[in-house]
Amino acid sequence: MHYVALLTIVDAELNAKFRPAHLDYLDKLFKENKVVMAGPFADKKGGMVIYRADSAEEAKALAEADPVVAEGARTLELREWNPLQFPLS
């Protein structure tokens with residue numbers, strides 16, 4: 001299953017401090033096949049991570065362990081996502 005984490009920056013100073021750890025964390029999870037894709041929004045107010053997890057609980061644990069979330073630099077909105085399989089017909 002896939003889960004989308006919307007990460008809105010609420011403390012720019014903390015975000016700058018923990019961004020390197022955030023990127024290291026996402027890279028580690030990508031190598032473990034737990035992150036599908038991630039990146040910042042063009043308006044620089046936050047970003048998005050697409051997790052691959054076996055349950056909502058696992059996805060929540062992964063997202064909450066992200067340093068920018070754990071340290072309070074960003075808020076977390078986590079939603080299950082069902083991507084379409086193309087072609088549709």
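Counting begins at 1 with the first residue of the sequence. These values consider heavy atoms only, across backbone and side chains, with no hydrogens, waters or symmetry-generated copies.
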hydrophobic_cluster_shared for F41 and W81, side chain cutoff 4.5 Å = yes
Heavy-atom closest pair, residues A38 and L26 = CB-CD1, 4.0 Å
Examine M1 and F30 and state if one hydrophobic cluster contains both, with Ile, Leu, Val, Met, Phe, Trp and Tyr joined whenever side-chain heavy atoms are less than 4.5 Å apart.
-> yes
Going by heavy atoms in the side chains, are Y51 and V4 under 4.5 Å from each other?
-> no
Same apolar cluster (I L V M F W Y, side chains within < 4.5 Å links), L14/L23 | no
Scan residues 10-31 for pairs that pass side chain to side chain donor-acceptor pair (under 3.5 Å), counting only residues two or more places apart or in two chains.
-> N15-R74, H22-D66, D27-K31, K28-E32
Write down the atom of D54, the atom of E58, and the distance for their closest heavy-atom approach.
-> N-OE1, 2.6 Å
In short, salt bridge (Lys or Arg N to Asp or Glu O under 4.0 Å) pairs touching residues 39-49 with sequence neighbours left out are none
Checking side chain to side chain contact (heavy atoms under 4.5 Å, CB included) against V49, which of L78, L7, L76, V36 comes through?
-> L7
Going through the checks in order, is the side-chain contact (heavy atoms from CB on, under 4.5 Å) test met by K34 and L62?
-> CA-CA 9 Å; K34 292 296 180 180; L62 292 170; 4.2 Å; yes
Kindly say whether P67 contributes a backbone atom to a donor-acceptor pair with the side chain of E71 at under 3.5 angstrom?
-> no
Atom CD of E77 and atom CE of M48: how far apart are they, to the nearest 0.5 Å?
-> 11.5 Å
Is there side-chain contact between I50 and Y3, with at least one heavy-atom pair below 4.5 Å?
-> no
